[in-house]
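In what follows, a single structure is set out as structure tokens and then discussed.
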Amino acid sequence: MGYNTAEETFATFIARDRERLDKEREEISNQQHELKGKLDAVNRELAAIEAYEAAKSGKILAPAKQVRTPRTRFQGRRGSRREALLQTIRQNPDGLTRGEILEKMGLKGDKSGEMSISNALTALTKANQVSRRDGKYTSG
């Protein structure tokens, strides 16, 4: 079954655009991870200042409230993270370990994100959308 030039050109365009968007998504994810790190550092500094002021005044500090960052538009629904996970695995035909996946998705050190990826890997493995061989996840 042959393809005409217009179909091939369109397919090439789609493939190139998909690659561009994947790169842009990865850059944004990396920026988001970097900003989260900066926000965490600022929150730690503020907590340290509050602890210093409390110690200086002799007041007892209530345990620090953990600030939950709201879901961003980029994170979207649960399924979008699973789709991003599948995309990451598909882009690496030799397979990726869980740690490599977390690094590529900018979730290394994010306990909630790490658990989400572990759960998604389990679900995708059970659904036969990914397979695990020698500690590496591959699509198919």
Side-chain angles (χ1 to χ4, degrees):
M1 184 177 267
Y3 294 101
N4 69 31
T5 307
E7 287 175 356
E8 289 175 14
T9 302
F10 184 69
T12 303
F13 166 77
I14 293 296
R16 204 172 36 246
D17 208 39
R18 181 182 305 276
E19 186 175 317
R20 177 189 63 81
L21 290 170
D22 284 341
K23 286 180 184 176
E24 187 174 343
R25 180 190 320 179
E26 187 172 341
E27 287 173 13
I28 291 169
S29 178
N30 289 340
Q31 290 171 355
Q32 184 181 25
H33 183 67
E34 182 181 329
L35 288 173
K36 184 183 179 319
K38 288 180 179 180
L39 180 61
D40 290 345
V42 168
N43 286 336
R44 282 191 302 272
E45 286 184 44
L46 286 170
I49 289 170
E50 288 175 15
Y52 170 77
E53 289 174 337
K56 190 172 179 183
S57 68
K59 292 182 183 177
I60 298 174
L61 264 185
K65 292 180 183 175
Q66 190 156 19
V67 179
R68 272 200 66 140
T69 51
R71 246 175 216 254
T72 64
R73 227 176 119 226
F74 178 73
Q75 288 172 316
R77 320 183 326 267
R78 276 197 173 123
S80 63
R81 179 167 281 173
R82 191 173 290 185
E83 187 55 41
L85 172 60
L86 271 173
Q87 192 69 21
T88 301
I89 293 170
R90 286 181 187 136
Q91 290 172 348
N92 296 277
D94 294 335
L96 294 169
T97 65
R98 178 181 170 277
E100 291 168 334
I101 291 169
L102 293 171
E103 285 178 24
K104 287 190 177 289
M105 294 184 74
L107 296 170
K108 193 84 167 182
D110 173 358
K111 295 297 177 194
S112 173
E114 289 181 8
M115 183 59 73
S116 173
I117 293 302
S118 292
N119 292 339
L121 285 169
T122 300
L124 291 170
T125 301
K126 286 181 179 178
N128 294 321
Q129 291 184 284
V130 298
S131 57
R132 186 173 181 203
R133 284 184 214 100
D134 301 324
K136 291 191 173 194
Y137 291 92
T138 57
S139 61

* From K136 NZ over to I101 CD1, what is the distance, rounded to the nearest 0.5 angstrom? ->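 Separation between the atoms: 10.5 Å.
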* Asked: When rounded to the nearest 0.5 angstrom, what is the spacing between CD in E83 and CG in L124?
  ->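 With rounding to 0.5 Å, CD (E83) is 9.0 Å from CG (L124).
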Note: [X]-[Y] ion pair, threshold 4.0 Å (strictly below):
X    : Y    : value
E100 : K104 : no
R18  : D22  : no
K23  : E19  : yes

Any idea which heavy atoms bring [X] and [Y] closest together, and the distance?
X    : Y    : answer
I89  : T138 : CG2-C, 3.6 Å
R133 : S131 : NH2-OG, 3.5 Å
K108 : G99  : NZ-CA, 3.9 Å

* D17 atom CG, neighbour heavy-atom count above 12 within 6.0 Å ->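 Correct, the count exceeds 12.
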* To do: Evaluate the side-chain proximity of I28 to R25: yes if any heavy-atom separation is below 4.5 Å, no if none is.
  =>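 No, their side chains stay 4.5 Å or more apart.
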* Asked: If only atom types and distance count, is the side chain of N92 paired as donor or acceptor with the main-chain N or O of D94 below 3.5 Å?
  ->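 No; zero donor-acceptor contacts below 3.5 Å.
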* **S116: which of K111, M105, R82, R81 passes side-chain contact (heavy atoms from CB on, under 4.5 Å)** =>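 The single option meeting the side-chain contact (heavy atoms from CB on, under 4.5 Å) with S116 is R81.
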